[in-house]
Each structure stands twice: as structure tokens, then as C-alpha cells.
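Here the structure is laid out as C-alpha cells; the discussion comes afterwards.
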2 protein chains.
Amino acid sequence: MTDTAPRPTLEAVAARAGVSRATASRVVNGGDGVREPLVARVRRAVEELGYVPNQAARSLVTRRHDAVAVVIAEPETRVFADPFFALQLRGISKELTAHDNQLVLLLTEGRDDHARVGRYLAGGHVDGALVFSLHLDDPLPGLIQRAGVPTVFGGRPGWSEDSGGAVYVDSDNRGGAREAVQHLVGLGRTRVAHITGPLDQTSAADRLEGYRDVMGDADPGLVVESDFTPAGGERAMRELLERHPSPDAVFAANDLTASGALRVLRERGRRVPEDVALIGFDDMLPVAEQTDPPLTTVRQDIEEMGRLMARLLLRGGAEQGVEGAPSSVVLPTTLVRRASA
Amino acid sequence: MTDTAPRPTLEAVAARAGVSRATASRVVNGGDGVREPLVARVRRAVEELGYVPNQAARSLVTRRHDAVAVVIAEPETRVFADPFFALQLRGISKELTAHDNQLVLLLTEGRDDHARVGRYLAGGHVDGALVFSLHLDDPLPGLIQRAGVPTVFGGRPGWSEDSGGAVYVDSDNRGGAREAVQHLVGLGRTRVAHITGPLDQTSAADRLEGYRDVMGDADPGLVVESDFTPAGGERAMRELLERHPSPDAVFAANDLTASGALRVLRERGRRVPEDVALIGFDDMLPVAEQTDPPLTTVRQDIEEMGRLMARLLLRGGAEQGVEGAPSSVVLPTTLVRRASA
DNA sequence: ACAGGTCGTGAGAGCGCTCTCGACTCAGGG
DNA sequence: CCCTGAGTCGAGAGCGCTCTCACGACCTGT
């Protein structure tokens, strides 16, 4: 498959520049402690030969790979339709690129893959891992931590309360939810419903907590579990409208859910926000801005989360658990007021 | 989580098994030409020590990396909302995993990144590349081909007509579109409209060609350019309904567009399919099945496309009875009849 | 002037692995 | 009986790079 022309080596560069391999190496790696005329000569030689360092040889001696694994534990196709991962990936990619790191993508599907991923990570092929695991009962995070690879989680891992030391980046789901519900209450709404996400995901659970912080568990009939999808939102909204009294406000666990709920509300002739005020979560632009009316929602900067995960991992470097060790970050959310509430 | 224990080397395995490093290597790589008792001894040593080959050292001598780059040229955030890439990625990932290859993800954003990607690929860090480039004027594909890396494109590259030798995997967009439109005509519809995708993408352009194969360019007023999004579909549908006479059938360039169009049709009180028959493209399940009425659409197996791309790259083209040189594959589509047409 | 330091450079030792090549063994044929 | 050849195995030479270390050149201060 490979019939590439022989690539120039450092040796060749050194020869052309009339210096030793050691000096050429120094220049390629920043050029500290090399006098200017030589630096220039080597740089030119690199340019002329089109030299690119052989990463394998470099890794062999440095024991660094300048590569980070991104693990997405994703048994369900559905979630792919959510731009959430894509945006985080983009943030991660940008940050890694800025630090000349490569992104090795590991998608898992079922338990067999877990072993494979564990083996890969333990094999020391990458300098660290960024892990997305949605579900509370996922064994993958534990497996990975045991592999002894520096790791940053995307979203608070469900089990992390006691097995401290897990570094993660998350949005302030609870605080954001609280703010949304408080806003609805401030509007004078009294029957504020909540359409949740899948409650085995911490983000959904945390948003429910935020809702309860304000509403208490007063009327459990106002809470309907759903699944973060538009169709699920429709279903949940129908269910809510059948209850008595039906809500005068709805806090949906994400924008997709809110868009589904909105569709049902209009179909049933309820005016938004006059009859029912509606708030979403995420501020996913193509969704939130183009609904009618545009969605009031809780914004979280998803791409920034990704960027931060990468930054945390890279900064933590090879020495995890040492004093400079990174600690988790919870990003603030902001309420974006549009027309729906 | 202190210092990572030094990983065992082949040398250590050999010592424990009482053989030479060469023999240990042979066993690790399949064990051909080594007598059974030794094979077993080495295998046990590997097990006991938890030995994992050092990929860097291996690559250094073999010049293979067992890694494939996936390049997604993506200037626009929008497209991420499309599960299209995600599904292809999943297919690719599965196939690569099955062959013990790693997936290195390269996302590009703007021209600066092109140079970076070119350099990376030319640097010989991966055995091949799978490239997604949507737009006709994208310089990336050319750049990559010049890098001399085995490459398979996802979707027909726009420029490939003359610069032959580009290997790609695509759906039969034109044929699928033709079948859809023929179906509409077969239903007795005479004013069949087409809401296109962005016409600088070959998939959208090919679907338009398929439409024209059946309808000719008779009434250019029946063709509206759009952008593969639900909101775009709404806009285009509104535009179509204002025309005289308004269409009695619509072929939308993808399901997302169709769902937007459907929303407008219902809003305006047009019955589907009685007044206006509607067909989409993709058979994206969460969308196509859950619309009301469920969408008749042209199915393409997106995940299979990804899998095939990877297979083509890894096997150098010796796929599906194709002899010798790798050649492109165009996958057939199938019309899925549901209620909308 | 010389001892002691700093700085810039090159020589060379590996990093862990694969792979060639030669040594050795054991059949079987001449 | 030796010779040939196939089958096993080990010794050792790198793959391309980084990094330590030694060495010479050049400063300082006395």
C-alpha cells in the first residue's frame, strides 16, 4: 500500500547544513542553545529537503506521542444526531492542533470494545484520554482510570462522587436549570413543568435537581421523563397537556426536546409564551433561533468545554496526580432570553 | 497514580520464556516457523508480564503505522448537525477496528489548516487517508493527492472527472433521485418540484441531475435551491407554494429538507400525500419514520459507505471482485415507500 | 598570564523492535 | 558414509531520533 519515496532523515538535513545530527535536532526542536548562523542553515536545509520528523523514532526515545485518545462510549445511534459531540470534538480538535497533538478517535459499541479500548490505552500509545461516557452504569470510565492513563472526562461521571480524583469538565447544569426555572417563576408562572432528559445521564439528572431546587417535589405530576429528542419532547408534552391542571410553563431539558414540545403546543392551539412559557437548554443555534417563537434557553458553550478538556489534559501532562494536577472545571451557563419565555 | 511502571519489553518476555528476542518477536507476530513448545512458553510470558508491543518501535522499522487519517473539511458548523458524518465515521471506525487500525481524526477549518493537514499526511504518519470534502472548490483533495498518500474519498470529489485515479465511495445519488421522481410521475403527478441541496456539493448536484433525467428542464420554476436543513426546507417550500401553479409533488434533496417542507405543507392545510406527494432522501430513521405522515424516501446505507471506504483503503482496492488497482464504488439506493408518496 | 567558568557543538549510546543471515539440527538420498 | 535441503533458532545490525556527556572555544577575574 505504501510506495512513498524515501523520506529525508535528520542525518540528511545535518549533512546538507554542514552540522552534526545533534545540532540539527536542536534546531528542529526549537533551536535553543544554537547560534544564529547555524539555526538559519539548518532551517534552510529542512525547507529544501522538505524534512518532516519521523514521529515513531521520536516517540521511541521521548516516550511521548503527542497524541490524545478521544473515547466516545456510544451504544445508541440516536445520540449521534445530537450535534453535542460534534461540537465538543471540534473544540478538542482545535486545542490539540494548537499544541501539535493528534486526535485518535475511539468509538465503542458494547462490552467487547471496552476491553479493546482498555488494552489500547494501557498500551501507552497515547499521552492521555478524553472520555465521554453518558450512562451511570458504564464500566468504561473505571476501566480507563485503572489503565493509568491521564484522563479528563466530558461531563461529570456518575460514579465519581466517592472515587475522587476524576477530572472532568462540565457545564453548571444544576445552576442553569435553577436560573431557567426561577425566570419562569419570576414571570408569575405557578405550574412549571419539566421535561427531563434520560435520567441515567448526569446532565439530565443535574438539570432535574436544579428544577427541584426551585420547585421542590411539590407536584411530581409536572415532571415527565424524556430522552433529549424532538419526538420524545412531543410525546412528553402531549402527556403533560392531558394532566389537570395543565402547566403554564415548561422547562425542557434541552432545545431539541423544547422544539418537539413547542410543535405540540402550537398544534393544540396554546400560545407561546402567553399560555405556556417555554425554556430549553443548550442554545443550539440552528434549533433555538429558528423555532417560532425563538426559544429562550440556557446557553452552554459546548465547543469551549471540548477545548478546556484538551487544555486540562495537556497541562496535566505526563505526571498525573502530582501537585500540578488539574482539577475539574464546571463552566457557568447563561440564560438567553428570546421570545418563548 | 504515581510513576507508571516501566512497561515490559520484548527482551523481558524473551528472557522469561528462555528464548531469544527474535523468537519472541516471531511469536508475537503470529508465531510462524516456531515450534509449539516455544510458542506456548512465549505466549505465557506475554500474558504474565502483560506485554504490549511498542507501536513506535515497531513502526520505526516496518514503516507501517496501522493508522488511518480521517479528514473532514468542514468550514461550516451546520453540517455537524447532520448525522451523516457521524454515521460514516461509525462505519469507518468499525472496519478499522476489525483490522487493528487506529483512526486519526483531522478536522479542518479554513485554508491554514489545509497546509497543516497536507504536511501531516505527507509526513507519513499514517498509512492512508479517508477524505470528506463537500465543496467543489475545495483545494484540499488535490493537496492530499499530491501528498502521495493512499486516499479514498467519501462522495464523488467534484474535480475528479479529469484528474482520474481518485478512488471514492458514493451512493448512486442520480439513480436514486431518478427513481424517486419516476415514482412520483408514476403516481400521476405532473407538477413535480425539487428542493435541492447546496449545489456546490456533488451529492446535491447529482440528485438534481437525476430529477432532470426524468423531468427535463421544462419548468425551472419547480426547482428551488436549498441547503439540506429543515429550516431551509421550510423556506423553499413556502417559495414553491407561492408559485402558480403550485406543485402536486415534491422531491426534497434529503429527509431534513423534506421534514421542513412537510411542516409548511401541513401549516398551509395541504394534505400529504393527497394534495402534494413528498419524497425525501437518506432514510435517516429518527427523521423519516417519525414525521406525520411517515416519509417515503430514498435509502442509502451511510454506515456501509464508511465501512467500504475503510475496506477499500486497507485492501488497496481488492474488493468485491475488483482486480488489481483500487477503483471507486457507487452503492445502490433503494426507494422506501411509506405514507408520504 | 592562567585557573575557572560558560557556551556551543559533536560523538555516541541507546529507545524497542523487525528482519536478515548464518549456525545448527535432523531427514533422506546418493 | 557424506551431502543437501528444509526447518528452527539466535546474533546482531539497524530504523531515525533524542539526550547525555565530553571537548574545545571563548570569556571572565585575579
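Small disclaimer: the values here were computed from a predicted structure and weren't measured.
Taking all atoms of both residues into account, the shortest heavy-atom contact from B/R41 to B/A17 is NE-O, 2.9 Å. In terms of heavy-atom proximity, A/V34 sits nearest to A/R26 at CG2-CB, 3.7 Å.
B/E303 pairs in a side-chain hydrogen bond (donor to acceptor under 3.5 Å, both in side chains) with only one of the listed residues (B/Q88, B/K94, B/R90), which is B/K94.
Following rounding to the nearest Å, A/R21 (CZ) and C/dA13 (C1') show an atom-to-atom distance of 10 Å. In this structure, the CZ atom of B/R58 is 18 Å from the C1' atom of D/dG16, given to the nearest Å. Between B/H65 atom NE2 and D/dG16 atom C1' there is a gap of 11 Å when expressed in whole angstrom units. What separates CG of B/L10 from C1' of D/dA11 is a distance of 15 Å, to the nearest Å. Rounded to an integer number of Å, the gap from CD of A/E11 to P of D/dC17 is 9 Å. Protein atom CZ of A/R7 is 10 Å distant from nucleotide atom P of D/dC17, rounded to whole Å. Straight-line distance from the CG atom of A/D32 to the P atom of C/dC7: 13 Å, rounded to whole Å. Rounded to an integer number of Å, the gap from A/L38 CG to C/dC7 P is 17 Å.
With D/dC17, C/dC15, D/dC15 as the candidates, the nucleotide lying closest to the side chain of A/L60 is C/dC15. Distances were taken from every side-chain heavy atom of A/A57 (C-beta onward) to each of D/dC17, D/dT18, C/dG16; the shortest belongs to D/dC17. Side-chain proximity of A/V61 to the nucleotides D/dC9, C/dC17, D/dC19 is greatest for D/dC19.
Taking side-chain N and O atoms only, B/N54 has no distance below 4.0 Å to OP1 or OP2 of C/dC15. Contact between the side-chain N/O atoms of B/S20 and the OP1/OP2 oxygens of D/dG10 is found at a separation under 4.0 Å. Dashed line: the shortest gap from a side-chain N or O of A/T23 to OP1 or OP2 of C/dG10 is under 4.0 Å. In terms of phosphate contacts, B/R63 brings a side-chain nitrogen or oxygen within less than 4.0 Å of OP1 or OP2 of D/dG16. Residue A/R35 places no side-chain N or O under 4.0 Å from the OP1 or OP2 atom of C/dG8.
In terms of position along DNA chain D, the nucleotide closest to B/G18 lies nearer the 5' end than the nucleotide closest to the other residue of the pair B/G18 and A/Y51.
Here A/H65 pairs with A/D127 under the side-chain hydrogen bond (donor to acceptor under 3.5 Å, both in side chains) rule; sequence neighbours left out.
One finds no salt bridge joining B/E47 and B/R44 here, because no Lys/Arg side-chain nitrogen approaches an Asp/Glu carboxylate oxygen to under 4.0 Å.
Between the A/S59 side chain and the A/R64 main chain, a donor and an acceptor come within less than 3.5 Å of each other.
Side-chain contact between B/Y120 and B/V126 is present, with at least one heavy-atom pair separated by less than 4.5 Å.
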Using a cut-off of under 3.5 Å, enumerate the N/O to N/O pairs linking the protein to nucleotides 20-25 of chain C.
none

